[in-house]
Peer 1: 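One structure, pasted below without further comment.
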Amino acid sequence: MKDLDVSNNKYSEITLGQEFRKMKNLEILKLGSPQISSLKANTFSELEGLQLKEFHLITGEISEYGGALKKIGGLKKLTLELNMWEHLDLLKSLLTDVANATDALIIMNVNLIKSGHYIPQGSFIKYSQMKTFVLQNISCNGNYASDFNLFIFSSNIEEVQILDPHTIGTFTPTVPRFTKMNLKRIYIRNLDNPHFIGFKPMPEMKKFFSYLTHLIITNSRFFYFPCLISDSLTSLEILDLSSNRLSELTVFPKCQAPFPNVRSIIFNNNFFDDLALLGKATSHMIKLVNFSASNNSITLKMTFTINWTKSLLNLNLSRNLITGDVFAFLPDNLEVLDLSFNRISSVTNIGKMKRLRVVHLSGNNILTLAEMASLSSVRVFHADRNRIQKINLHFLETFAFNELNLGNNPFMCDCNIQDVADYFGSTSATVVGWPSEYTCDSPSYLNGTEIHLVSFSSATCNPGFTAVISIVVILIAVSACALIYKKNKRFGYHHISFNLRSQNDAAI
């Protein structure tokens with residue numbers, strides 16, 4: 001057994017039997033419940049000698065702690081779901097005991113402000129060897145934020161995650177003096193204090209931000225990115241500001257060179273609306289490879305050349321309001337393009353993108369894919385839920401698809417559809433939704449019929465051939481009559497008829 005979960009059962013005290021010593025292969029252990037209020041010195045003694053990699057402990061309000069967690073060590077990840085708020089002095093002892101027990105420490109469900117007493121908790125971080133520190137569903141104020149900051153900057157911690165925090169009061173992050181910082185990655189999710197995003201950046205923050213390689217702030221009502229910060233993020237590689245309240249002018253407010261070395265930017269679910277301004281903002285980002293601004297209100301407002309960075313390979317502009325000939329204003333060197341669920345009616349000027357491998361055009365108003373035929377490099381192609389009535393078999397055979405989705409289009413089921421259906425049924429590519437999502441829209445008597453069930457007679461599909469056959473039959477019949485006539489003439493059958501007629505005349 002490698003993974004054991006015995007948590008949230010009806011026990012108020014943790015008692016581990018000798019059987020645990022025999023679990024030499026156990027790697028992941030989750031135990032405890034919100035009813036646990038005591039952790040005695042020998043609570044986890046049966047776990048000594050096990051090669052655990054992950055340990056998840058759930059408790060309630062701890063009122064007795066005898067150093068039980070000193071028995072735990074050598075972990076990759078330790079999760080403490082503590083549900084504490086009153087005995088914060090015991091919390092401090094508990095955290096001190098786990099300071100060097102794990103590479104990653106996750107502290108969950110602790111209310112640091114409910115008791116009304118401020119008891120600093122961050123000192124255990126200073127000499128810890130942990131690399132990742134996570135606070136999830138923690139209630140705190142600015143005092144505790146400053147407390148943790150004071151020690152994180154001089155610690156070995158490389159990554160900090162603040163998930164679903166509950167903060168009160170004014171919130172002005174401070175940056176203590178430091179000579180060198182190991183912190184590289186910051187993740188903030190679901191921050192609920194509007195005061196946090198109202199702080200004014202101080203000049204001493206520039207050094208701090210210059211060390212960061214990952215900055216993720218999502219669903220936190222973040223509405224403005226000061227130039228002092230964005231211009232200082234010179235080492236930043238990953239930037240994710242999804243589900244906030246940002247626009248082109250608030251994330252790029254005439255800064256000198258924001259995020260100069262960034263490789264991936266994600267602006268999904270914000271308030272961006274101008275494709276030209278977005279593209280222009282990337283022009284100095286010579287390492288930018290991935291750019292995503294899905295689910296905004298982006299449109300193509302001006303039809304002039306957009307100075308995108310030449311390094312961009314993957315572009316996601318799905319779920320926006322883009323119309324018109326947008327392809328003419330996109331970078332030529334793209335390899336992955338997602339324009340799904342926009343308002344695009346025609347695919348023109350896409351032929352210039354000779355490196356495209358993945359194209360998503362689902363949920364638009366596209367009528368024809370004719371110009372796509374010049375892009376034989378495409379391996380994944382989605383154009384489902386458009387207004388495509390006819391698909392040319394030669395067009396499909398131009399590509400070596402790995403994945404194809406053309407379902408939920410209003411197909412006109414004529415004789416050509418049979419060849420198309422044969423292609424979908426026999427290709428080695430993955431045809432998404434086949435066959436149930438490939439149905440006839442017209443003619444009306446076939447509406448809703450899956451296209452692979454449609455069959456037409458040869459006469460219906462080849463009227464010219466039928467006419468030729470008819471003519472040939474007629475010619476054969478005429479030729480046969482002519483042969484019979486010639487044969488009769490050769491054997492004198494017409495003379496016999498003449499003589500009989502003469503005898504009848506004489507009798508009369």
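Since the model is a prediction, treat every value here as computed from it, not as a measurement.
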Peer 1: Without hydrogens or angle criteria, can the side chains of S294 and S318 be said to hold a donor-acceptor pair below 3.5 Å?
Peer 2: yes
Peer 1: Y423 and L404: which non-hydrogen atoms are nearest, and at how many Å?
Peer 2: CE2-CD2, 4.2 Å
Peer 1: Honestly, is R319 close enough over F341, meaning NZ or CZ under 6.0 Å from the six-membered ring centre and within 45° of the axis?
Peer 2: yes
Peer 1: Measuring from atom CG of L312 to atom OG of S283, what distance do you get when rounded to the nearest 0.5 angstrom?
Peer 2: 12.0 Å
Peer 1: Does a salt bridge link D103 with K131, judged by any charged N lying under 4.0 Å from a carboxylate O?
Peer 2: no
Peer 1: So which heavy atom on R343 is nearest to which on T323, and how close?
Peer 2: CB-CG2, 3.3 Å
Peer 1: When you measure from the side chain of S311 to the backbone of L288, do you find a donor-acceptor pair of N or O atoms at a distance under 3.5 Å?
Peer 2: yes
Peer 1: Near K352 NZ, under 6.0 Å, is it more than 12 heavy atoms from other residues, nucleotides or ligands?
Peer 2: yes
Peer 1: Evaluate T213 against R185 for side chain to side chain contact (heavy atoms under 4.5 Å, CB included), listing each step before the verdict.
Peer 2: CA-CA 6 Å; T213 60; R185 302 179 295 276; 3.9 Å; yes
Peer 1: Just by modelled atom types, is the L212 backbone N or O under 3.5 Å from a matching donor or acceptor in the S235 side chain?
Peer 2: no
Peer 1: What is the minimum heavy-atom distance between E403 and A429, and which atoms define it?
Peer 2: N-CB, 4.3 Å
Peer 1: Backbone N or O of T59 within a donor-acceptor pair of the N83 side chain at under 3.5 Å?
Peer 2: yes
Peer 1: Which pairs with one or both residues in residues 250-304 pass disulfide (SG to SG under 2.5 Å), sequence neighbours excluded?
Peer 2: C227-C255
Peer 1: Going from CD1 on I238 to NE2 on H214, what distance comes out if it is rounded to the nearest 0.5 angstrom?
Peer 2: 4.5 Å
Peer 1: Per the disulfide (SG to SG under 2.5 Å) rule, what does the pair list look like for residues 366-396, sequence neighbours excluded?
Peer 2: none
Peer 1: List for me each residue that meets ring-ring contact (aromatic ring centres under 6.0 Å, His included) alongside F225, sequence neighbours excluded, and say none if there are none.
Peer 2: F222, F259
Peer 1: Looking at F329, is its backbone amide N or carbonyl O close enough to the side chain of W308 to form a donor-acceptor pair, meaning the two atoms are under 3.5 Å apart?
Peer 2: yes
Peer 1: Would you please test I298 and D274 for side chain to side chain contact (heavy atoms under 4.5 Å, CB included) and show each step?
Peer 2: CA-CA 5 Å; I298 298 171; D274 193 328; over 6 Å; no
Peer 1: Which atom pair, heavy atoms only, marks the closest approach of P331 to L315?
Peer 2: CD-CD2, 4.4 Å
Peer 1: Without swapping roles, check the side chain of N405 against the backbone of G407 for a donor-acceptor pair under 3.5 Å.
Peer 2: yes
Peer 1: Are the side chains of P34 and N8 in touch, meaning some heavy atoms are under 4.5 Å apart?
Peer 2: yes
Peer 1: Could you tell me how the ring of F424 sits relative to the ring of W434: parallel (under 30°), tilted (30 to 60°) or perpendicular (over 60°)?
Peer 2: tilted
Peer 1: Could you walk me through whether L356 and I350 pass side chain to side chain contact (heavy atoms under 4.5 Å, CB included), step by step?
Peer 2: CA-CA 9 Å; L356 275 176; I350 197 173; 4.0 Å; yes
Peer 1: Verify the neighbour count for atom CD of Q51: are there more than 12 heavy atoms of other residues, nucleotides or ligands below 6.0 Å?
Peer 2: no
Peer 1: Once you round to the nearest 0.5 Å, how far does CD of Q35 lie from CG of N9?
Peer 2: 10.0 Å
Peer 1: For the residue pair F267 and N296, what are the closest heavy atoms and their distance?
Peer 2: O-ND2, 3.2 Å
Peer 1: Measuring from E27:CD to K2:NZ, what's the distance to the nearest 0.5 Å?
Peer 2: 5.0 Å
Peer 1: Quick one: does any side-chain atom of N364 pair with a main-chain N or O of N386 as donor and acceptor, under 3.5 Å?
Peer 2: no
Peer 1: Are any side-chain N or O atoms of N409 and backbone N or O atoms of F411, one a donor and one an acceptor, separated by less than 3.5 Å?
Peer 2: no
Peer 1: Is the closest basic N to carboxylate O distance between K184 and E158 below 4.0 Å?
Peer 2: no
Peer 1: What is the distance from atom CG of L191 to atom CG of D164, rounded to the nearest 0.5 Å?
Peer 2: 10.0 Å
Peer 1: Just jot down the ring-ring contact (aromatic ring centres under 6.0 Å, His included) partners of H382, sequence neighbours excluded, or say none.
Peer 2: H360
Peer 1: Identify the two heavy atoms, one from F327 and one from L337, that lie closest to each other, and give their separation to 0.1 Å.
Peer 2: CE2-CD2, 4.1 Å
Peer 1: Apply side chain to side chain donor-acceptor pair (under 3.5 Å) to R387 and list each qualifying residue two or more places apart in sequence or on a separate chain.
Peer 2: none
Peer 1: Out of L369, N402, V358, which residue meets the side-chain contact (heavy atoms from CB on, under 4.5 Å) rule with F381?
Peer 2: L369
Peer 1: Any side-chain heavy-atom pair from M372 and F395 closer than 4.5 angstrom?
Peer 2: yes
Peer 1: Are F272 and L246 packed together at the side-chain level, in the sense that at least one heavy-atom pair is separated by less than 4.5 angstrom?
Peer 2: yes
Peer 1: Would you mind reporting whether V431 and Y438 have side-chain heavy atoms less than 4.5 Å apart?
Peer 2: yes
Peer 1: Could you grab the distance from atom CZ of F133 to atom CD1 of I106, nearest 0.5 Å is fine?
Peer 2: 11.0 Å
Peer 1: Say whether N109 and N137, considering side chains only, have a donor N or O and an acceptor N or O under 3.5 Å apart.
Peer 2: yes
Peer 1: Has S7 got a side-chain atom pairing as donor or acceptor with G32's backbone, closer than 3.5 angstrom?
Peer 2: no
Peer 1: Taking the side chain as C-beta and beyond, is there a heavy-atom pair between F399 and V378 under 4.5 Å?
Peer 2: yes
Peer 1: Is there side-chain contact between M353 and V359, with at least one heavy-atom pair below 4.5 Å?
Peer 2: no
Peer 1: Given L396 and L406, is the side chain to side chain contact (heavy atoms under 4.5 Å, CB included) satisfied, shown in steps?
Peer 2: CA-CA 11 Å; L396 295 173; L406 292 172; 4.1 Å; yes
Peer 1: Do K30 and I58 come close enough that some side-chain heavy atom pair is under 4.5 Å?
Peer 2: yes
Peer 1: Tell me whether N447 contacts the main-chain N or O of D441 through its side chain, where contact means a donor paired with an acceptor under 3.5 Å.
Peer 2: yes
Peer 1: With sequence neighbours excluded, give me every side chain to side chain donor-acceptor pair (under 3.5 Å) pair touching residues 257-273.
Peer 2: S243-N269, N268-S292, N269-N295, D273-K301
Peer 1: Are the side chains of T299 and N320 in contact, using a 4.5 Å heavy-atom criterion?
Peer 2: no
Peer 1: Looking at T449 and L446, would you say the former's side chain and the latter's main chain have a donor-acceptor pair under 3.5 Å?
Peer 2: yes
